**Student:** 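Structure below; questions to follow.
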Amino acid sequence: MNHRTWPTKSTVSPYSSFCPSKPHQSPPYNHRNNHHYYRRGYSALPYDLIKRIAATFTHGDLNAASSVCKSWNDALRPLREAMLLLRWGKRFKHGRAGVRANRQKALESFLKGAARGSSLAMVDAGIIYWEMGRRDEGLRFYRRAADLGDASGQCNLGIAYLQADFANDTEAIRWLRQSACAGHARAQYQLALCLHHGRGIERNLPEAAKWYLRAAERGYVRAMYNASLCFGSGDGFPQSHRQAKKWMKRAADHGHKKAQFEHGLHLFTEGETTLAVVYLELACRAGEVGASHVRDVILLQLSDASRDRAMQIADKWRALPSSRFT
């Protein structure tokens with residue numbers, strides 16, 4: 001009996017889820033005047049270049065950059081305004097801080113932030129356009145952000161090329177790889193899927209497993225689950241049941257329902273029946289098909305006290321925080 005997929009084995013692939021330049025002659029170094037020398041160099045940069053450099057900056061980064069010199073403070077004023085517009089846009093989008101959800105007002109705020117040069121606002125505007133079915137406009141804003149070096153924009157652009165009617169797998173891989181190399185967890189996971197299934201790129205299991213693991217280490221829950229499967233089956237990694245169990249438990253503790261189901265089964269085979277029921281109960285509550293039957297079978301073997309204890313633990317359980325790119 002294969003305990004990992006007991007009682008039934010799915011026919012679906014378990015992996016799917018679908019300094020400024022130096023002057024011609026530099027003055028001699030002096031620790032007392034060197035700081036002022038570089039401040040003069042920074043202040044000589046054109047406003048457009050300064051804004052482009054800072055287009056992907058968050059609010060905290062912008063405040064720090066604005067303190068470099070008066071020239072930077074003046075040049076970055078539009079981007080600081082964009083951060084305020086971005087904040088209001090998110091409030092309207094999600095209905096936060098006493099503001100009623102209004103997608104149109106959210107879009108207007110994001111568009112104003114994008115007009116001031118913020119790639120973060122461009123990405124959010126692109127997301128709303130995409131959700132509205134206006135995919136050409138969504139793609140345009142993703143590309144603007146991606147061209148500025150925004151990793152989220154690059155990731156969304158890559159995924160858009162995988163999903164849209166005008167699908168272009170080659171372009172998708174190009175942008176996903178750029179974003180993945182910049183450390184974007186969702187892009188790392190999507191690139192791993194493409195490598196695993198050979199979409200837009202030659203199938204390469206070791207490379208796919210590497211990107212699954214990188215995304216998992218950055219807190220991407222689906223990647224934790226897939227990394228566990230790779231270690232368990234020896235796909236792309238040397239087979240390691242210890243590593244497989246480690247990443248399956250991490251995925252389960254972060255709320256992945258299939259991982260909760262499979263980790264519960266594994267605990268049952270090891271004789272940890274009470275804890276097994278906890279994870280199976282969590283999987284049931286998350287809607288995992290098949291978990292309830294297994295849980296009920298195990299519950300028959302437990303005392304009343306053990307059953308109550310398992311349910312109490314499940315009631316108090318909270319998922320560990322995950323990467324925001326989920």
Side-chain angles (χ1 to χ4, degrees), residues 4-5 10 12-18 123 127 142 146 150-163 169 172-266 279 282-283 286-288 317-326:
R4 192 177 68 83
T5 53
S10 171
V12 179
S13 169
Y15 293 96
S16 5
S17 42
F18 233 41
V123 172
I127 290 172
Y142 289 157
D150 187 290
S152 292
Q154 293 167 345
C155 176
N156 286 15
L157 183 59
I159 293 172
Y161 275 124
L162 290 175
Q163 297 177 345
D169 291 353
I173 294 298
R174 181 167 78 91
W175 289 108
L176 286 174
R177 189 176 291 279
Q178 284 192 42
S179 182
C181 289
H184 194 285
R186 187 183 182 198
Q188 292 170 340
Y189 172 73
Q190 291 294 334
L191 179 60
L193 284 178
C194 290
L195 286 160
H196 200 139
H197 298 292
R199 181 169 182 185
I201 193 170
E202 185 177 351
R203 190 166 187 259
N204 187 325
L205 289 182
E207 189 74 4
K210 178 188 76 173
W211 286 111
Y212 282 141
L213 187 57
R214 287 188 180 181
E217 289 170 341
R218 295 186 69 83
Y220 199 82
V221 182
R222 295 177 184 176
M224 295 177 190
Y225 178 72
N226 284 14
S228 173
L229 295 180
C230 287
F231 277 117
S233 61
D235 286 343
F237 288 131
Q239 192 172 40
S240 170
H241 295 300
R242 183 179 65 83
Q243 287 292 325
K245 180 181 178 181
K246 165 188 165 182
W247 286 108
M248 190 65 74
K249 183 179 185 304
R250 287 195 183 182
D253 289 341
H254 284 79
H256 193 288
K257 62 182 182 180
K258 288 185 180 295
Q260 290 169 342
F261 184 18
E262 297 208 21
H263 187 57
L265 292 175
H266 185 79
Y279 281 96
L282 294 174
E288 179 60 24
W317 181 85
R318 295 293 181 272
L320 294 176
S322 307
S323 164
R324 66 185 181 92
F325 307 108
T326 57

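Because the structure is predicted, anything quoted here is derived from the model rather than measured.
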**Student:** Looking at every heavy atom in both Ala146 and Leu157, which two are closest together, and how far apart are they?
**Tutor:**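 Shortest heavy-atom contact: CB-CD2, 3.9 Å.
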**Student:** Parallel under 30°, tilted from 30 to 60°, perpendicular over 60°: which one fits the rings of Tyr189 and Tyr212?
**Tutor:**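 Tilted, since the angle between the ring planes falls between 30° and 60°.
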**Student:** Does the side chain of Leu213 reach to within under 4.5 Å of the side chain of Trp247, using non-hydrogen atoms?
**Tutor:**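 Contact flag for Leu213/Trp247 side chains = yes.
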**Student:** How far apart are the closest heavy atoms of Phe261 and Ala283, and which atoms are they?
**Tutor:**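 In terms of heavy atoms, the two residues are closest at N-CB, 3.8 Å.
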**Student:** Kindly write out the residues that satisfy side chain to side chain donor-acceptor pair (under 3.5 Å) with Arg177, not counting sequence neighbours, or none if the list is empty.
**Tutor:**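 Partners of Arg177 by the side chain to side chain donor-acceptor pair (under 3.5 Å) criterion come out as none, since no residue qualifies.
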**Student:** Would you check if the side chain of Arg199 reaches a backbone N or O of Asp169 as a donor-acceptor pair within less than 3.5 Å?
**Tutor:**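 Absent.
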**Student:** Rounded to the nearest 0.5 Å, how far does OH of Tyr225 lie from CD of Glu262?
**Tutor:**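 Taking CD in Glu262 and OH in Tyr225, the distance rounds to 4.0 Å.
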**Student:** Can you name the nearest heavy-atom pair linking Cys194 to Leu162, along with the distance?
**Tutor:**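 So the two residues come closest at SG-CD1, 4.0 Å.
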**Student:** Heavy-atom distance under 4.5 Å between the side chains of Ile127 and Tyr142, does that happen here?
**Tutor:**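 They are in contact (side-chain heavy atoms under 4.5 Å apart), so the answer is yes.
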**Student:** Quick check for you: to the nearest 0.5 Å, what is the distance between Cys181 atom SG and Trp211 atom CH2?
**Tutor:**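 The CH2 atom of Trp211 is 4.0 Å from SG of Cys181, to the nearest 0.5 Å.
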**Student:** How many angstroms lie between NE2 in His256 and CE in Met224, if you round to the nearest 0.5 Å?
**Tutor:**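 Output value for this atom pair is 10.0 Å.
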**Student:** Nearest 0.5 Å, what's the NZ-OG distance between Lys246 and Ser240?
**Tutor:**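 Answer rounded to 0.5 Å: 9.0 Å.
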**Student:** Excluding sequence neighbours, so at least two apart, what forms salt bridge (Lys or Arg N to Asp or Glu O under 4.0 Å) with Glu217?
**Tutor:**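 Glu217 satisfies salt bridge (Lys or Arg N to Asp or Glu O under 4.0 Å) with no other residue.
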**Student:** By salt bridge (Lys or Arg N to Asp or Glu O under 4.0 Å), which residues pair with Lys257, not counting sequence neighbours?
**Tutor:**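 Here no residue qualifies.
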**Student:** Could you give the distance from CZ (Arg186) to CD1 (Ile159), rounded to the nearest 0.5 Å?
**Tutor:**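 Rounded to the nearest 0.5 Å, the CZ-CD1 separation comes out at 3.5 Å.
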**Student:** Minimum heavy-atom separation for Gln260 to Ala286, with atom names?
**Tutor:**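 That would be OE1-CB, 4.3 Å.
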**Student:** How many angstroms lie between atom CG of Asp235 and atom CG of Leu229, to the nearest 0.5 angstrom?
**Tutor:**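 One gets 8.5 Å once the value is rounded to the nearest 0.5 Å.
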**Student:** Which heavy-atom pair separates Gly232 from His241 by the least distance, and what is that distance?
**Tutor:**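 Residues Gly232 and His241, closest heavy atoms: O-CE1, 4.1 Å.
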**Student:** Any side-chain heavy atom of Arg214 within less than 4.5 Å of one from Arg218?
**Tutor:**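 A side-chain contact under 4.5 Å is absent here.
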**Student:** State, with a plain yes or no, whether a side-chain heavy atom of Leu205 is found less than 4.5 Å away from one of His196.
**Tutor:**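 Yes, close enough: below the 4.5 Å cut-off.
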**Student:** Can you give me the closest heavy-atom contact between Ser179 and Ala187, atom names plus distance?
**Tutor:**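 In terms of heavy atoms, the two residues are closest at OG-CB, 3.2 Å.
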**Student:** Stepwise, does the side-chain contact (heavy atoms from CB on, under 4.5 Å) test hold for Tyr279 with Asp253?
**Tutor:** CA-CA 9 Å; Tyr279 281 96; Asp253 289 341; 2.6 Å; yes
